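The block underneath contains the structure these notes are about, expressed in structure tokens.
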Amino acid sequence: MTDRRRYYLTTAIAYPNNRPGLHTLYEVIGADVLARRHRMAGDETRFLTGTDEHSVNIHQRAQELGLETRDFIDGMVRLFRDAEDALLIAPDRFIRTTDPDHRRASQEMVRRAFANGDVYQGSYEGWYCPNEGFRNLTDLIEEADGVRCPNHPDVPLQWLTEHNWFFRLSRYADRLLAWYAENPGVVEPEYRKNEMIAFIRNGLEDISISRETFSWGIPFPIRADGSEAVLPDGTPDPSAGVIYVWFDALINYITGAGFPDDPDAFARWWPADLHIVGKDINRFHTIIWPAMLMSAGLEPPRKVWVHGWLLTGGERMSKSRGNFLDPHDIVRTFGPDGARYVTLREVAFDKDTEVSWESFVRRYNADLANDFGNLLNRSLSMTGRYLDGERPAPGMGGPLAAAWPGIVGRYVAALEGCLLHEALGVLWEFVGAANRYVDAEAPWTLAKSAKAGDADAEGRLRVVLGDLLEACRLIVFAVAPYLPAAAPRAAEQLGIAWPYGPDGNGGPPVDGLLRWGAGPAGGTIGGAAPLFPRLETEPAPAG
RNA sequence: GGCGGGGUAGCUCAGUGGCAGAGCAGGGGACUCAUAAGCCCUUGGUCGGUGGUUCGAAUCCGCCCCCCGCUACCA
């Protein structure tokens, strides 16, 4: 085993009932940036993402389409993986809750909670809408002839009683509150933690963790009498029902760390350093999940980051509304790097943000084509023209050298605080400073004087271009987690070897390369070619 | 209803008692290395409304209007 720092991060797993939209992959892109940052920083990094496949909706959807459930989800999962590949997302494992090791992990978690006295048999009853499931009493519409579901007033509600297993969540209120109190920053942003504290203080009820009426799921491992739910031929006893999808879904995070098959791996990777989740599933990750872990005698995660939604026209982007952006459209127009950049620059990682195709085009042109792409291109072009492509050493006393340490410090701090949009904003302050430096020094004027025999101008020209190429090098290495394909190409243009693999592993700790003057001495640049061609038209995709 | 967040330039937002700001978009200019990009200058705002406190309020207090989140088993 190595003594490198390890870093384990996860996204929520998506339920693959449809092709994925940008609003679904948004957090996966963000997590991929953080994973690449940690790999390049030299941390032994594990990045887990995947799909949540035991939903009843998925089973029903497959039946509507006349497909075997497994065949249906295999096709859907293919769409997720294709979209993630197009966005250059490189997880260390893509977990599916139908994976065999996940079945073992989930059943083991039920056994542990049961052994700890936290699982008991009970019943759940209430008004059931055939289209939506159980409805809360306060949501129902009262009609003269009875109560109705607000979303499906024409469908009669049924009063159903489900016998199933419950988890004693109510037992964990004090321990959860203590966990929040003793671990500042364990749930961020702060207001998301406060919502959960209010929820807990309102009183926690036990939650049901099994379903007896469904067969699509992980077999519940225990019978009512407490015996192992296995038939004489070794197959699961169907009368024991299945584990409720939410209980098994959360467990993917420890399955992905090696639980329970590989104790050494699990000891290395657990607890997770970061769970990235959407605000709609905050409660599951910051109340239910830690309680499940506590019950099993395992540590809760070190941090849960709760992000917001992408909005369009003030409404949440979603598949059901049909107002989502297709990742493939975005990759086709902006390229994989541009797609990642505009998404993470335009959307604040800590709250809801309004986005549009037009805002993405504006951001791409302004930041990538005009500011950064052009900076790289003009710096290389002048080096080729004035110095025959020879790469001069940077000066140590210029304004860019002075500004860089502050920039990189704030940049890394923003990344560590999961403020991915802000990190880019900080880095682009430096891009702006470099562009202003070009105009302030006017290398074309220095070049004319140098050609006329002015030795001072010649020396000055070399320092200015050295500074600009060094600024470009630093930006490229810093921004590489966001622009994983463009960064090596930019390095090639700068004539600098790229020491990292396609997923960010394999090179030296990047912080050593993020110091002014840490680039290779001497050498020549490669060719200059625009990395981010300006978009002259705004071809909004149809539909 | 209760608790919490918010309403500032055309757009996205920063700004917690001292001359209303940034980026983008719009307009003008000088330059020319560059992807007609970059640089400089600039138009633009009853800071949701209203009443107070204060020498002074986007900022503090009261009331009102509007938007959003949480208020448990769709996931």
Side-chain angles (χ1 to χ4, degrees), chain A residues 12-15 17 52 54-58 60 124 126 129 131-136 138 151 162 164 166-167 169 189-192 194-209 211 244-247 249 278-284 287-288 306 308-309 311 314 316 320 345-348 351-356 358-359 362-363 365-386 421-422 425 428-429 431-432 434-447 461 464-465 468 528-536:
Chain A
I13 49 176
Y15 71 111
N17 63 338
D52 174 14
H54 289 128
S55 153
V56 176
N57 296 341
I58 286 175
Q60 286 175 343
Y124 187 89
C129 170
N131 288 2
E132 280 194 63
F134 283 99
R135 295 293 315 189
N136 196 303
T138 55
N151 299 330
E162 271 244 344
N164 46 35
F166 280 75
F167 174 72
L169 185 63
E190 178 96 16
Y191 71 100
R192 294 295 176 196
N194 293 339
E195 287 176 356
M196 294 304 104
I197 290 172
F199 182 86
I200 292 170
R201 294 206 168 128
N202 253 357
L204 290 182
E205 296 170 15
D206 295 342
I207 54 170
S208 61
I209 62 166
R211 288 291 183 271
Y244 180 47
V245 58
W246 251 113
F247 199 80
K279 66 182 185 181
D280 49 331
I281 51 176
N282 183 8
R283 192 171 67 235
F284 295 90
I287 293 179
I288 297 174
V306 184
W309 288 334
L311 307 178
R316 178 189 184 183
S320 55
R345 182 68 185 93
E346 279 295 294
V347 183
K351 56 187 174 184
D352 294 358
T353 306
E354 183 76 24
V355 300
S356 67
E358 291 71 27
S359 71
R362 274 200 301 272
R363 180 62 75 178
N365 277 337
D367 284 14
L368 290 179
N370 297 351
D371 287 346
F372 173 55
N374 187 50
L375 172 68
L376 183 67
N377 198 236
R378 71 199 302 208
S379 301
L380 290 166
S381 170
M382 287 188 284
T383 303
R385 180 182 293 214
Y386 302 145
H421 59 301
E422 203 170 290
W428 254 249
E429 287 179 25
V431 173
N435 273 318
R436 285 190 292 277
Y437 183 64
V438 176
D439 285 86
E441 297 296 338
W444 47 92
T445 305
L446 293 171
L461 175 64
V464 168
L465 292 178
L468 288 171
L531 280 181
F532 302 103
R534 186 178 166 82
L535 297 171
E536 294 300 345

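Keep in mind that what you see is a predicted model, and the values were worked out from it rather than measured. We use all heavy atoms of the structure for the numbers below, so side chains are in, but hydrogens, waters and symmetry mates are not.
Between the CD1 atom of A/I287 and the P atom of B/U71 there is a distance of 9 Å, given to the nearest Å. If you take CD of A/E358 and P of B/C11, they are 14 Å apart, rounded to a whole angstrom. Taking atom CZ of residue A/R534 and atom P of nucleotide B/A36, one finds them 8 Å apart after rounding to whole Å. Here B/U71 presents its P atom at 14 Å from CG of A/N194, a figure rounded to the nearest Å. To the nearest angstrom, P of B/C13 lies 14 Å from CD of A/E422. As rounded to whole Å, 14 Å separates atom P of B/C24 from atom CH2 of A/W428.
In this structure, A/F284 and A/W246 have parallel ring planes: the angle between them is below the 30° cut-off, well short of the 60° mark.
Side chain of A/K279, nearest nucleotide from B/C33, B/G69, B/U35: B/G69. The side chain of A/E205 lies closest to B/A72 when the candidates are B/A75, B/U32, B/A72. Comparing atom distances between the A/A366 side chain and each of B/U32, B/C24, B/A34 picks out B/C24 as nearest. Considering only the side chain of A/R283, B/U71 comes nearest among B/U35, B/U71, B/C33. Taking only side-chain atoms of A/A369, from C-beta outward, the nucleotide of B/C33, B/G69, B/U35 with the closest atom is B/U35. Comparing B/A37, B/C74, B/A72 by their nearest atom to the side chain of A/N374 picks out B/A37. Candidate nucleotides B/U35, B/A72, B/C73 were compared by shortest atom distance to the side chain of A/P530, and B/U35 ranks first. Here the side chain of A/S381 is nearest to one of B/G69, B/A34, B/A72, namely B/A34. Taking every side-chain heavy atom of A/R385 into account, B/C33 is the closest of B/A75, B/C33, B/A72.
Looking only at side-chain heavy atoms (C-beta outward), A/I209 and A/N164 stay at 4.5 Å or farther from each other. Side-chain atoms of A/S379 and A/L465, non-hydrogen and from C-beta on, never get closer than 4.5 Å to each other.
Using a 4.0 Å heavy-atom criterion, one finds that A/N282 contacts no nucleic acid atom at all. Among the atoms of the strands shown, none is found under 4.0 Å from any heavy atom of A/N17. Across all strands, A/F199 comes closer than 4.0 Å to base atoms (heavy-atom distances). A/N370 comes within contact range of the sugar-phosphate backbone alone, with a heavy-atom separation under 4.0 Å but no base atom that close. Within 4.0 Å (heavy atoms only), A/R436 reaches sugar-phosphate atoms of the nucleic acid but no base atom. Contact annotation for A/A198: no contact, since no heavy-atom pair falls under 4.0 Å across all strands. Counting non-hydrogen atoms under 4.0 angstrom, A/P443 reaches nothing in the nucleic acid. Counting non-hydrogen atoms under 4.0 angstrom, A/F532 reaches a base of the nucleic acid. Contact annotation for A/G278: no contact, since no heavy-atom pair falls under 4.0 Å across all strands. Counting any heavy atom pair closer than 4.0 Å across all strands shown, A/L204 reaches a base atom.
For B/U71, neither phosphate oxygen OP1 nor OP2 lies less than 4.0 angstrom from any side-chain nitrogen or oxygen of A/N202. Taking side-chain N and O atoms only, A/R362 has no distance below 4.0 Å to OP1 or OP2 of B/A25. Note on A/R345: every side-chain N or O is 4.0 Å or more away from OP1 and OP2 of B/U12.
As rounded to the nearest Å, B/A9 and B/G28 have P atoms that lie 24 Å from one another. Annotation: B/C47 and B/A57 have their P atoms spaced 12 Å apart (nearest Å).
Shown here, B/U50 forms a base pair with B/G62; the pair counts as Watson-Crick or G-U wobble because both key distances fall under 3.5 Å. Nucleotide B/C39 forms a pair with B/G29, judged by Watson-Crick or G-U wobble geometry with both contacts under 3.5 Å. When Watson-Crick and G-U wobble pairs are counted only if both distances are under 3.5 Å, B/C3 pairs with B/G69. In this structure B/G45 sits in no base pair that meets the Watson-Crick or G-U test at under 3.5 Å. Across the strands present, B/U12 finds its partner in B/A22; the criterion is a Watson-Crick or G-U wobble pair with both atom distances under 3.5 angstrom.
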Full working for side chain to side chain contact (heavy atoms under 4.5 Å, CB included) between A/N57 and A/N17: CA-CA 8 Å; A/N57 296 341; A/N17 63 338; 5.5 Å; no
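Evaluation of atom-type donor-acceptor distances gives a pair under 3.5 Å for the side chain of A/S208 against the base of B/C73.
In this structure, A/N282 CG and A/M196 CE are separated by 4.0 Å, a value rounded to the nearest 0.5 Å. One finds the CD1 atom of A/I13 at 4.0 Å from the CG atom of A/D52 (value rounded to the nearest 0.5 Å).
Judged by distance alone, the side chains of A/N435 and A/R378 do bring a donor and an acceptor atom under 3.5 Å apart.
Salt-bridge check for A/R362 with A/D367: failed, with every basic side-chain N at 4.0 Å or more from each acidic carboxylate O.
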